[in-house]
Amino acid sequence: LHSVPTSTTTSGSPLYFPPPSHQSNHDHNRKQSRPIDRSSSEASPRPAGMGSRRGRPQQQQYPPPARGGGRGPIPQQQGGGRGTQGFTAAPPQHPRHDAAAGRGRGRAARGDGPSSPAPAAAGPLGRLPPELRQAMEDPSPPPAQPVPVPAQAEAAAATGQAAIPASSKAIRFPLRPGKGSAGTRCLVKANHFIAQLPDKDLHHYHVSITPEVTSRVVNRAVIHELVNLHRAAYLGGRLPAYDGRKSLYTAGPLPFASKEFQITLLDDDDGSGAQRRQRNFKVVIKFAARADLHRLGMFLAGRHAEAPQEALQVLDIVLRELPSARYAPFGRSFFSPDLGRRQPLGDGLESWRGFYQSIRPTQMGLSLNIDMSATAFIEPLPVIDYAAQLLRSDIHSRPLSDAERVKIKKALRGVKVEVTHRGNMRRKYRISGLTTQATRELTFPVDEGGTVKSVVQYFQETYGFAIQHTYLPCLQVGNQQRPNYLPMEVCKIVEGQRYSKRLNQNQIRALLDETCQYPRDRERDITQMVKHNAYQEDPYAKEFGIKISDRLASVDARILPAPRLKYNETGREKDCLPRVGQWNMMNKKMVNGGKVRSWMCVNFARNVPDKLARDFCHQLAQMCQDSGMDFALEPVLPPMSARPDQVERALKARYHEAMNILGPQRRELDLLIGILPDNNGSLYGDLKRVCEIDLGIVSQCCCTKQVFKLNKQIYANIALKINVKVGGRNTVLVDALSRRIPLVTDRPTIIFGADVTHPHPGEDSSPSIAAVVASQDWPEVTRYAGLVSAQAHRQELIEDLYKVRQDPQKGPVSSGMIRELLISFKKSTGEKPQRIIFYRDGVSEGQFYQVLLFELNAIRKACASLEANYQPQVTFIVVQKRHHTRLFAHNHNDKNSMDRSGNILPGTVVDTKICHPTEFDFYLCSHAGIKVITRQNLLASHLVI
């Protein structure tokens, strides 16, 4: 999305939007808001800068409302037109959830307050088919209304807005209105394994360990020793499950309500033969509560609304107890070099295989979700070898430069190493830094009299070890006030340290290549992992009465029919029905071709000669023209080669050369094509920043490998991207033109999409970037405008959806991304949205309530700020792609039930068995995989309404 400033808007304020007519679409989209270039051929970092956009025309002021028209900032459409006039809307008609349109979850959630009018008989429910209306009519009473605190109530009264609910209890997710029936029925398999609910009396105990330690490993070792010593005598023979922190659970009561234990731990044997250090701990175990499994049973049966999280947590901890002792746990996954082959990732890293495990409530009862996973670990190499890999250079015979030393220091800080110069004694240390001096220059005091000794001399006299690489720096271990020096050549990296920083592109590619599997192979590995874990022999599962099936769940599914696509009437094929989720542009023309009359190309790839760049550009221009665009075949200037490290200077210089030609003709540059190296680092982001923010021109990037292929399919794909960027439309749905898309084409509907991109691990000061797009045409819903906004570091809630600032002259002034996009939709279509469908990406289950409370409230406030009582229906849909549910074909020998790579067919939807017991969610495989899918969750998204 473009970096469009989120301007403060009031009546008659400037906004960014495309105009209604297609003739000037490309100009407005170019100057206002367009989708960013996110083709598969390009890297996709966001632009680094967020500044104002230079070279833009003066923003237009909205004309005042037509006389006698509606109120608010959107002008009333005079005469004709569709739908209601102005921005006058009826208040919401029903306080409960509309399953079809996704309306709010109670008045408090919708922000329409206790004073909203009573439901009208002619409301949305009255217009629905009887069977759907019956399914939607929840017999349970609506949730209790929250009572605002006085400050909230006062603020709400002052601004005319409803206060945000004080807690998640004020809002409830809608119940599933029923199961879908459209499509062809089929069976699929899911990586869910049925778990039998234990018939045990679960008890929760609070654990206090003194002195307190932060390491879960140490805590687990203390409790493990306690159980070994006192299980029979003091624990009544119970085998407890421990979460590594403060909670311990048992299948039945312990013989005491509170008891204190003294536990002694011995340090690991370092091989020196010396007496091991003892550490003493006081452990107090005190009864806290009983875990209510009856409520869990009621919830799974659909007779209780809220999931008893504590009972689910107990079962999860029980099933994690044994894997935590066997493998390296990280999050909900477990890794080990014994679970699959190690693969080098480069720069001193390697991949370990592992598995993900989570207990989940589903319609078929409890299920254990098991999936294969892989992550990066630091290779257990000698430190000098690790540094050589990191620098990609031999350092055994030369000193380090300052830049190399800093790079090694950043990579090694916090890493554990063990010494190798003391025979069998392998004492471990954590690296805190790297010395600026070479080892041969380092000295340290050996007594209070000021006697100093060199590191080289000390190692020779004390250990009989002659340091060979005296020109390299030493590792600093311990604290900074009193550091200890260890020569790099006597240290080896300890095995099992997960690498949590950002991977480079080559490492990501190597990790994906390692984890890329055919679905059939992935299913086999998951099944083998379940058998390897042997849950039926797990002593903790036995203790708590948990039984896990070893067979994947068979699930009813439906394959939805593909939508028919409409293309331009001038093409040989005027419409198209995709086959297995795929189609091409042969014999077709874009339904609305954009206009590119002036363009140029800058080549940043040194291995692409000028002649090849010219041929590529000519073929691309010809394809754009053949596909239906008004595209000039010749560029304003011939393609120019430039150095990648001078991207800003080259782009601005070439732009000014082009404008010297176009300026006298009162024309602007419509498009810049950039040819980039395949591994372009920050070049892509720099080019986008300069083009989008500084110069204000549309850009399309192409990788070197695409230029060399000279493939018509590649040209066609790039042409489709260019057309959308300059305001054209590639295709529309036939059902949209004939008004046959349920809950979209029956009344003016705007579709939003929102996401937040967070900085990579290690970037502690960078802001998070929120992006919101919204459809700008109806009923086609094919053109979108977008806004982006920087916000607090790693803040998931989108802060700028709606905001109010105090203006010294005007008083409270409303603004925000939702408000601007609603106004833009009204001016573009002549309609005000009567329904909002809001797709929200990147929200974890633990954030559902928080995001819904804040962002739905912001949507309601944005609507109300446009016009009194304007509260359209809102469907809020969370789209989860980073889940671990995998869907497989039921029969891998049935070629009609799979695509070419063995994945389930596009259009497959699952809303039974593995879905939530009561809430409205489903899994949808919305598109086909072009090649073998690396992670199948790219296909089957989990949608929660």
Side-chain angles (χ1 to χ4, degrees), residues 40 176 179-194 355-356 358 360 362-364 367-373 512 515-530 549 551-565 577-583 839 841 877-916 920-945:
S40 59
R176 184 182 303 278
K179 294 180 173 61
S181 58
T184 304
R185 296 189 178 277
C186 65
L187 278 178
V188 296
K189 287 183 285 188
N191 59 336
H192 285 243
F193 300 84
I194 296 176
F355 66 96
Y356 167 93
S358 176
R360 301 191 61 80
T362 66
Q363 295 175 23
M364 59 185 181
S367 77
L368 189 65
N369 183 202
I370 300 285
D371 189 23
M372 303 308 297
S373 57
L512 294 181
T515 56
C516 182
Q517 289 180 288
Y518 284 101
R520 187 173 194 165
D521 296 336
R522 191 184 194 107
E523 179 187 340
R524 180 202 62 218
D525 287 354
I526 291 173
T527 304
Q528 289 178 353
M529 182 59 65
V530 171
S549 169
R551 301 183 63 179
L552 283 82
S554 291
V555 183
D556 295 322
R558 294 172 289 119
I559 303 173
L560 302 178
R564 183 170 288 276
L565 306 177
L577 185 65
R579 304 290 180 184
V580 197
Q582 298 181 9
W583 70 102
Y839 287 96
D841 194 9
I877 305 174
V878 174
V879 184
Q880 292 182 307
K881 298 188 294 296
R882 294 190 178 186
H883 59 82
H884 286 270
T885 293
R886 302 287 181 265
L887 302 177
F888 303 100
H890 196 265
N891 181 3
H892 289 286
N893 296 319
D894 182 6
K895 301 301 181 184
N896 294 324
S897 64
M898 305 176 296
D899 63 14
R900 288 180 299 176
S901 60
N903 281 296
I904 57 174
L905 293 173
T908 300
V909 62
V910 172
D911 58 0
T912 62
K913 288 193 176 181
I914 60 172
C915 295
H916 194 277
F920 196 178
D921 70 326
F922 59 93
Y923 293 89
L924 173 65
C925 174
S926 56
H927 60 83
I930 298 176
K931 55 183 179 180
V932 179
I933 298 304
T934 304
R935 294 179 295 178
Q936 198 177 11
N937 66 317
L938 293 175
L939 291 180
S941 297
H942 183 210
L943 294 92
V944 183
I945 301 178

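Under the side-chain contact (heavy atoms from CB on, under 4.5 Å) criterion, N896 pairs with D894, not counting sequence neighbours. Shown here are the side chain to side chain donor-acceptor pair (under 3.5 Å) partners of D521, two or more places apart in sequence or in another chain: R524. Partners of K895 by side-chain contact (heavy atoms from CB on, under 4.5 Å), not counting sequence neighbours, listed by chain and number: M898. Judged as a side chain to side chain donor-acceptor pair (under 3.5 Å), and not counting sequence neighbours, the contacts of E523 are K189, H892. Scanning for side-chain contact (heavy atoms from CB on, under 4.5 Å) contacts around L905 gives I559, V580, T908, with sequence neighbours left out. Partners of S554 under the side chain to side chain donor-acceptor pair (under 3.5 Å) rule, at least two apart in sequence or in another chain, are H890. Listed by chain and number, the residues in a side chain to side chain donor-acceptor pair (under 3.5 Å) with R564 are D575 (sequence neighbours excluded). Applying the side-chain contact (heavy atoms from CB on, under 4.5 Å) criterion to N369, with sequence neighbours excluded, gives N191, H192, Y356, R360, H884, T885. Residues passing the salt bridge (charged side-chain N to carboxylate O under 4.0 Å, His left out) test with D921, sequence neighbours excluded: R176.
Between the CZ atom in R886 and the CD1 atom in I526 there is a gap of 7.5 Å [rounded to 0.5 Å]. With rounding to the nearest 0.5 Å, the separation of CG in D899 from CD in Q582 is 8.0 Å. Going from atom CE of M529 over to atom CE of M372 covers 4.0 Å, rounded to the nearest 0.5 Å. Note: S941 OG to I877 CD1 = 12.0 Å, rounded to the nearest 0.5 Å.
Counting heavy atoms from C-beta on, the side chains of K913 and T362 never come closer than 4.5 Å. Contact check for V530 versus F355: no side-chain heavy atoms found under the 4.5 Å cut-off. Inter-residue side-chain proximity for F193 and L552 is flagged as met; some heavy-atom pair is nearer than 4.5 Å. The shortest side-chain heavy-atom distance between S367 and I914 does not fall under the 4.5 Å cut-off. Annotation: side chain of V878 is not in contact with side chain of L943 (no heavy-atom distance under 4.5 Å).
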I'd like to know whether I194 forms a side chain to side chain contact (heavy atoms under 4.5 Å, CB included) with R551, so could you lay out the CA-CA distance, the side-chain angles of the two residues, the decisive distance to 0.1 Å, and finally the verdict.
CA-CA 8 Å; I194 296 176; R551 301 183 63 179; over 6 Å; no

Test log, rule side chain to side chain contact (heavy atoms under 4.5 Å, CB included), inputs V188 and F888
CA-CA 6 Å; V188 296; F888 303 100; over 6 Å; no

Would H883 and D371 count as a side chain to side chain contact (heavy atoms under 4.5 Å, CB included) if you check the C-alpha gap in whole Å, the side-chain angles of each, and the deciding distance to 0.1 Å?
CA-CA 10 Å; H883 59 82; D371 189 23; over 6 Å; no

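Of all the heavy atoms in P561 and G183, the pair that sits closest is CD-CA, 4.2 Å. Closest of all the heavy-atom pairs between V910 and A557 is CG2-CB, 3.7 Å. When every heavy atom of T912 is checked against every heavy atom of Q363, the shortest pair comes out as CA-OE1, 3.4 Å. Of all heavy-atom pairs spanning A562 and L577, the tightest one is O-CD1, 3.5 Å. Across P906 and A928, no two heavy atoms sit closer than the pair CB-N, 3.8 Å. The heavy-atom pair separating I904 from A889 by the smallest distance is CG2-N, 3.7 Å.
Using the six-membered ring where Trp is involved, H942 and Y923 have ring planes that are parallel, under 30° apart on the 30 and 60° scheme.
At least one donor-acceptor pair under 3.5 Å links the side chain of R558 to the backbone N or O of A182. Checking side-chain atoms of D911 against main-chain N and O of G180 turns up a donor-acceptor pair under 3.5 Å.
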